[in-house]
Amino acid sequence: MARPLEKISDINDEKELWKVAVKIHHKWSVISNNKEHFEMVVYDSEWLCSNRFIFGCMEVVKSGSDIHVIVPPVYRKNFDSLFVVNDTYTIANFQVQLNDLLFKPSAHKYLLKFTGGTKVGDRNVHQIQEKNSASHIWFNLMHVFPMTCTNVIGVVDEIGYTQVQVGSKKQQVNFVIRDLSNNTITVTLWEAYAVQFINYVEQQVDTAIPVVIMIQYAKVKEAFGKYPLSVTNTYNVTKVAINEDTETIKQFAKMLTQDTIVAVSGLRSQQSQGRSQNSYSSRQSPTQKLLSNAVLLPHEQIVKLKDTTFCATVATITKIFASKYGWYYQACHECPNKVTGDKPPYKCVKGHDTETAIFRYRIEVGVLHVGTKCKFVLWDKESEDLLEVSAAHMRETMFQAGIFDPLDFPLALDKLLDQELAFKVKWQPDWSNCSVIMLVKDKPIVD
């Protein structure tokens with residue numbers, strides 16, 4: 001006799017022979033300890049009865065209708081191509097573990113882990129209604145603990161500190177979003193998500209159009225300042241949509257009151273007029289950005305400076321140094337520091353825990369201009385711009401070739417050589433080198 005289908009909300013660690021009908025809500029890849037696996041959030045038909053508020057309309061719903069699934073590296077090839085977001089499946093026989101992860105994409109007490117005995121079938125046989133992507137922000141957040149994950153949607157109300165350049169600090173943007181009942185929370189987006197947000201706002205022609213942002217699987221952080229709640233992105237799990245043509249965003253935008261739209265657009269207009277140097281500068285040309293807060297100097301003068309100075313200059317990369325640090329490092333997700341440890345959570349010198357391996361370039365190069373040599377440090381963004389491949393991908397290519405030591409410098413790095421570029425740098429006399437903040441390849445600017 002076949003086992004009957006069971007509910008996700010009933011899953012516990014008393015057995016492994018569970019059998020559930022699920023729909024895939026989200027799927028992402030994770031590289032940990034040099035091995036790749038994938039994870040998912042799945043849900044069953046019970047989500048329709050959960051205690052959730054969507055745009056002010058209450059639905060009677062049970063909690064625990066979704067659950068976090070981990071597919072270990074040994075089973076990744078068997079299942080990765082099979083699972084597609086929004087498709088349905090029957091999943092049977094899996095290990096049930098306590099959900100004690102630092103970041104929780106699901107609030108379920110337990111999570112599932114695939115084993116050699118896990119069985120998957122019945123693709124797109126079950127009828128499970130699609131889940132709404134975001135809920136009314138204050139109801140969804142007020143009753144969760146820091147470091148859990150949730151979904152939020154709101155209209156951008158106020159843009160604060162923005163860090164565009166990459167170097168000693170990561171790219172980030174801070175802003176406030178407001179829901180339909182004028183509740184507010186702060187949002188911090190990092191790196192690719194920050195760039196996505198900044199680029200959208202910079203390119204928006206009509207600032208009177210409200211910016212509605214939906215963040216799925218945002219990490220809840222402790223409150224600070226005058227706002228009761230704060231969320232940020234994780235590096236693998238979070239998905240961000242800005243004014244996209246989705247039903248959830250269209251519904252939210254449609255229900256915005258005119259008073260809210262006028263107030264928000266008026267505030268953003270004031271901010272754009274008085275934006276500080278820490279904020280983005282959408283109308284600056286590459287030359288203006290290069291020279292902003294920097295002194296234009298030749299190398300022979302830069303290397304004689306006694307104080308830390310921001311400079312703009314031109315140079316040709318002539319050499320790649322075999323730094324003792326190698327060509328990449330494993331980075332913290334909270335700060336620019338390197339992390340240590342053989343397995344997650346990785347820790348940096350400031351004590352931050354990082355659950356996912358994040359790899360970034362750090363390449364020391366020799367440059368030359370009119371007979372004067374200097375050492376420049378290229379960081380992740382500039383290196384990736386020149387090499388046209390991420391550090392993580394370059395590292396994985398090396399691993400596939402059987403090369404695991406970061407002191408083995410890939411031949412592909414030679415692409416950096418013999419390029420004449422315009423640089424914005426931070427001259428550091430204590431280290432006798434320049435930390436690269438920005439580079440420009442356009443020949444007219446270089447000339």
Side-chain angles (χ1 to χ4, degrees), residues 1-50 61-131 144 147-151 216-217 234 236-239 343-345 355-357:
M1 180 180 176
R3 289 181 176 274
L5 293 173
E6 298 170 278
K7 301 174 183 177
I8 286 179
S9 59
D10 292 333
I11 289 177
N12 57 59
D13 58 0
E14 294 179 1
K15 65 175 185 178
E16 292 189 0
L17 299 181
W18 294 94
K19 184 179 180 181
V20 291
V22 301
K23 192 165 191 171
I24 312 300
H25 188 238
H26 190 28
K27 177 186 173 187
W28 64 97
S29 295
V30 177
I31 297 177
S32 178
N33 296 328
N34 302 327
K35 295 181 180 179
E36 184 177 358
H37 69 275
F38 71 93
E39 303 182 16
M40 303 180 290
V41 172
V42 302
Y43 62 95
D44 61 17
S45 56
E46 264 202 325
W47 78 266
L48 287 170
C49 342
S50 71
V61 187
K62 279 188 182 177
S63 61
S65 58
D66 62 14
I67 197 164
H68 185 185
V69 179
I70 298 176
V71 181
V74 66
Y75 309 117
R76 180 178 66 87
K77 289 185 178 179
N78 294 337
F79 294 109
D80 196 5
S81 60
L82 174 63
F83 286 110
V84 177
V85 172
N86 290 329
D87 281 3
T88 63
Y89 305 83
T90 298
I91 302 177
N93 311 334
F94 38 75
Q95 186 178 356
V96 181
Q97 297 181 352
L98 193 65
N99 185 5
D100 58 357
L101 298 177
L102 181 62
F103 307 131
K104 295 179 173 60
S106 168
H108 200 292
K109 182 179 179 180
Y110 298 97
L111 59 81
L112 313 182
K113 181 175 284 189
F114 276 30
T115 69
T118 299
K119 181 179 179 181
V120 178
D122 298 335
R123 183 173 181 178
N124 289 332
V125 170
H126 308 289
Q127 299 297 316
I128 302 176
Q129 189 171 337
E130 189 170 347
K131 202 173 188 180
V144 297
M147 308 310 274
T148 59
C149 290
T150 190
N151 304 323
Q216 294 178 265
Y217 300 100
T234 63
N236 285 318
V237 186
T238 302
K239 294 198 297 185
K343 60 182 180 179
E355 286 294 317
T356 304

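The first residue of the sequence shown is numbered 1, and numbering continues consecutively from there.
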Which residues pass the side chain to side chain contact (heavy atoms under 4.5 Å, CB included) test with D87, not counting sequence neighbours? V84, Y89, R123, N124
What's the spacing between E36 CD and K77 NZ if we round to 0.5 Å? 10.5 Å
For the NZ atom on K109, are there more than 12 heavy atoms of other groups (residues, nucleotides or ligands in this structure) within a distance under 6.0 Å? no
Any donor-acceptor N/O pair, K27 side chain to F83 backbone, under 3.5 Å: yes
Distance in Å, L112 CG paired with I91 CD1, rounded so as to fall on 0.5 Å steps: 7.5 Å
Just to verify, what does E39 make a side-chain hydrogen bond (donor to acceptor under 3.5 Å, both in side chains) with, not counting sequence neighbours? H37, H68
Measure the shortest side-chain to side-chain distance between I8 and H108 over non-hydrogen atoms and say whether it is less than 4.5 angstrom. yes
Using the side-chain hydrogen bond (donor to acceptor under 3.5 Å, both in side chains) criterion, which residues pair with K15? Sequence neighbours excluded. E6
Is the shortest side-chain heavy-atom distance between V125 and T88 below 4.5 Å? no
To the closest 0.5 Å, what do you measure between CZ (R76) and OG (S29)? 7.0 Å
Under 4.5 Å between any side-chain heavy atoms of N78 and F114, yes or no? no
Between the side chain of T90 and the main-chain N/O of A21, is any donor-acceptor distance below 3.5 Å? no
Side-chain heavy-atom pair L98, D13 within 4.5 angstrom cut-off: no
Non-neighbouring partners of Q97 that pass side chain to side chain contact (heavy atoms under 4.5 Å, CB included), sequence neighbours left out: Q95, L111, K113
Distance from I24 atom CD1 to M40 atom CE, nearest 0.5 Å? 4.5 Å
Working to the nearest 0.5 angstrom, can you tell me the gap between H25 NE2 and D66 CG? 8.0 Å
Residues forming a ring pair (Phe, Tyr, Trp, His ring centres under 6.0 Å) with H26, sequence neighbours excluded: W28, Y217
Student check: side-chain heavy atoms of V20 and I11 closer than 4.5 Å: yes
Sequence neighbours excluded, which residues qualify as side chain to side chain contact (heavy atoms under 4.5 Å, CB included) partners of N12? E14, W18, Y110
How long is the straight-line distance from NZ of K23 back to CG of N86, given to the nearest 0.5 Å? 5.5 Å
